[in-house]
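For reference, the structure is listed below as structure tokens.
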Amino acid sequence: MIKKSRRLFRIAHGKLWKFFGGVKPLELKYAAGDAIEELKIPSLITLPLERYLGNGGQLLVNTGDYVKRGQPLTTPGGERLVPLHATTSGTVLSIADQILPDASGFSGRCVTIKTDGLDEKVDPKPLSDWENSAPGPILSHIREMGIEGLGGALYQTAAKLSSALDGPLKGCNVFIVNGCECEPGLSCDDRLMRERADEIAQGIRVIQRILNPKLTLVAIEENKPEAISAMTRATAGIALVRALPVRYPSGEARPLIRILTGIEVPYNVHTSECGVVVDNVATVYAVKRAVVDGEALTSRIVTVLGSSMRRHGNAEVRIGTSVRFLLNSYHLHPEYHQRVIMGGPMMGFTLPSIDVPITKGTSCIMAPGSAEIPPVPNEMNCIRCGRCARACPSRLVPYQMYAYSKAGDHAHAAKCGISECTLCGSCAFECPSHIPLSLQFRREQAIQGIIKQTEIRNIHARKATEEFEKKEAERKARIAAKRAAALARIKAQENQTAKSQDETKGSVNSAEVAEDPELKKRREALLRAKAARKSALEAAARKRQMAQAVKDEPKTAESVSDTETKKTEDTAPDTQKNSPSLPYSLRRGGMLKQAVKTEHWDAPAERAPDLTMVGEDPDLSVTSYQEREITRKLPVETFEEPRAEEHPLPEKLKKLRNRDRSHL
């Protein structure tokens, strides 16, 4: 198969290419002679949850739960994330926001475990018969064990390998094991290849089972001769070891592919689409421990160095260990304004606090002195010398990106390829004006990420708005259709009613022609009675109006005729007429004759058969009780008796009169 491809043939025979750009900083590899030592378990373990939940993820533990090493703490949402595992045994102390190991100093949700020192672990779950297994179960097992890229990018290993399987090649042509470790000061991968080369070789076999590559290469820089010899011995018959010239950043994926294969991967293309897959040696070692040993990723090797440290070395640290605990273990002797760098002097960043945890992507903790890494000089203006552009391995123009970024022109900064910047620091290393280009590019990439997330949210919002408007239009259309149908039914009912009325009217007219004379007489009598009733009501209304006028202008006692007085006497109750206790002059009839001033109602000319009570309401405009004129409501059949406004009788006779009136 290799002979059929000229490029693969040249690669297999050791052909090396050169990549564009790059610099040669000081190596600072004085910790490479220190063997790997296992750091003791700290009292607290802090595990950030930011990368291990995602959308729809679930936290599997609560405060107070007891966990063991290797126990999963989260169920991630989506296929691009891996679960988080407890790195030692202990009790979950809190689930709260804490400072994250980031240059911004942001805080995030973390799980804090109070360790018990026993380091109990769950039963290992190795994948039996992985040599004869299909790629799918192996990839699922790698994901369940939380394996991510330990070179610093933290890209999910199973997702990277799956993308190569889903590509047009259904695998890859070249699989590269990256052991260059080009970052100055780092020696963790060097020590890993020296001491655990056989286990790395077994991890290479596992990945070869998944990808089935045509060629497997192990890339190591020439400044690591012991690692080259150890890997050559361990991978004999499995992979080819290539010693590369020392030039930063030869350990990055795209420059490394260019050196080994001569392929320059475009910006918008993934490396797996070109038939090449690159994995770090620490990641390959973690794959071996997950598949063969059945252990989750709970620790990693970290290089500790710096002139402010009493000693330096390479330590296998539990993930979640505090940087403060690590520095204390190596006896930090801080100077004034001591800096602590996570990740190395070129691509690393100064920590805002040392109370942050070690993560899977932490490869180095450096506490340099002012003589080892001098303070950054004052920034000067860009002179457009172009040295940054000549040093950029991604063939970008850093000074142009920097100008757009400082001006806030994020659109033009994106067009200049800011997303393709690997933040290697070569441009800042070469800049004679001491401009912190990498720092500005890191900030600009964060802004570009926020803009991208905002655009995604806007797209989702527009889609939701369109769906809502569509549903609203459908709802209004349904309502309009129902309204039209209802109006049609109402109109049909009205037409039916009008038609039935016309038919009824026609039938009535036809019936009137042949109507019985007796029925006709009865109908005429009913109409006359109805007219009489109407006239009676109108007469009663006129009488009420006349009564109101009489009330406004009352008659005197002299205008009352004797006949009316006599009629009033006749209408008096029998108890009053036949009362033997009073003389005639003191009876009600005689008393009315002596009245000084009276009021009365004229008898109505006609009787209103349906009107039971007529009269006027009390005159409320008069404030005095004695002066208030009250008109009683009497039946239509009787006359209202005149009332005397001033009565000369004594109090005793008034009581008797009131008693007689009580019978009315």
Side-chain angles (χ1 to χ4, degrees), residues 1-2 4-5 8 11-12 70 79-80 82-83 124-151 153 155-179 189 192-193 196-220 230-242 253 256-257 260-261 270-297:
M1 294 297 293
I2 295 177
K4 293 181 181 181
S5 173
L8 286 178
I11 294 171
E79 296 295 330
R80 292 288 178 179
V82 297
K125 299 178 181 179
L127 188 62
S128 60
D129 197 19
W130 60 268
E131 296 178 348
N132 300 320
S133 178
I138 301 176
L139 291 174
S140 299
H141 190 77
I142 290 174
R143 180 177 179 269
E144 290 175 1
M145 292 299 159
I147 307 302
E148 291 182 294
L150 301 183
Y155 196 82
Q156 201 223 107
T157 303
K160 179 190 290 188
L161 301 178
S162 298
S163 63
L165 292 176
D166 297 337
L169 299 177
K170 303 299 180 182
C172 69
N173 291 327
V174 181
F175 173 56
I176 301 175
V177 180
N178 185 4
D189 292 347
L192 183 64
M193 289 185 289
R196 304 175 187 179
D198 294 335
E199 297 183 63
I200 295 173
Q202 200 168 5
I204 293 174
R205 292 178 57 201
V206 173
I207 297 179
Q208 285 178 340
R209 177 62 187 171
I210 298 172
L211 298 178
N212 191 22
K214 298 177 182 179
L215 191 63
T216 302
L217 302 177
V218 179
I220 307 173
M231 290 300 298
T232 302
R233 176 184 50 80
T235 59
I238 300 175
L240 301 176
V241 178
R242 291 288 180 264
L256 182 60
I257 292 173
L260 293 176
T261 65
H270 195 270
T271 58
S272 60
E273 298 180 19
C274 299
V276 183
V277 175
V278 181
D279 269 329
N280 185 265
V281 290
T283 306
V284 175
Y285 173 72
V287 168
K288 179 265 173 183
R289 295 185 63 179
V291 176
V292 179
D293 301 334
E295 297 180 1
L297 181 57

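The structure presented is a predicted model; accordingly, all values stated were derived computationally and were not measured.
Proximity of Q202 to V284: side-chain heavy atoms (C-beta onward) are nowhere separated by under 4.5 Å. Looking at V177 and M231, their side chains never come closer than 4.5 Å, going by heavy atoms from C-beta outward. At a threshold of 4.5 Å between non-hydrogen side-chain atoms, the residues L256 and I176 count as touching. Looking at K125 and M145, their side chains come closer than 4.5 Å, going by heavy atoms from C-beta outward. Between R209 and P135 the shortest side-chain heavy-atom distance does not fall below 4.5 Å.
T283 contributes atom OG1, which lies 4.0 Å from atom CG of L150 (distance to the nearest 0.5 angstrom). Considering CD of Q156 and CG of L139, their distance stands at 9.0 Å, rounded to 0.5 Å. Taken to the nearest 0.5 Å, the OG1 atom of T235 stands 10.0 Å off from the CD1 atom of I200. Distance check, rounded to the nearest 0.5 Å: CZ of R143 to NE2 of H141 gives 13.5 Å. Separating the CG atom in N212 from the CG atom in N173 is a distance of 10.5 Å, to the nearest 0.5 Å. To the nearest 0.5 Å, atoms CZ (R205) and OG1 (T216) are separated by 12.0 Å.
The side-chain contact (heavy atoms from CB on, under 4.5 Å) test with I142 singles out one residue from L127, V291, V82, and that residue is V291.
With sequence neighbours excluded, the residues that form a side chain to side chain donor-acceptor pair (under 3.5 Å) with R80 are Y155.
In terms of heavy atoms, A164 sits closest to V277 at CB-CG2, 3.7 Å. Across I147 and A286, no two heavy atoms sit closer than the pair CD1-O, 3.6 Å. Of all heavy-atom pairs between A234 and A201, the closest is O-CB, 3.6 Å.
Ion pairing between a basic and an acidic side chain is recognised when a charged N comes within 4.0 Å of a carboxylate O; E199 and R289 show no such pairing.
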For side chain to side chain contact (heavy atoms under 4.5 Å, CB included), just list the numbers for I11 and L215, CA-CA rounded to whole Å, side-chain angles, deciding distance to a tenth of an Å, and then say yes or no. CA-CA 9 Å; I11 294 171; L215 191 63; 3.4 Å; yes

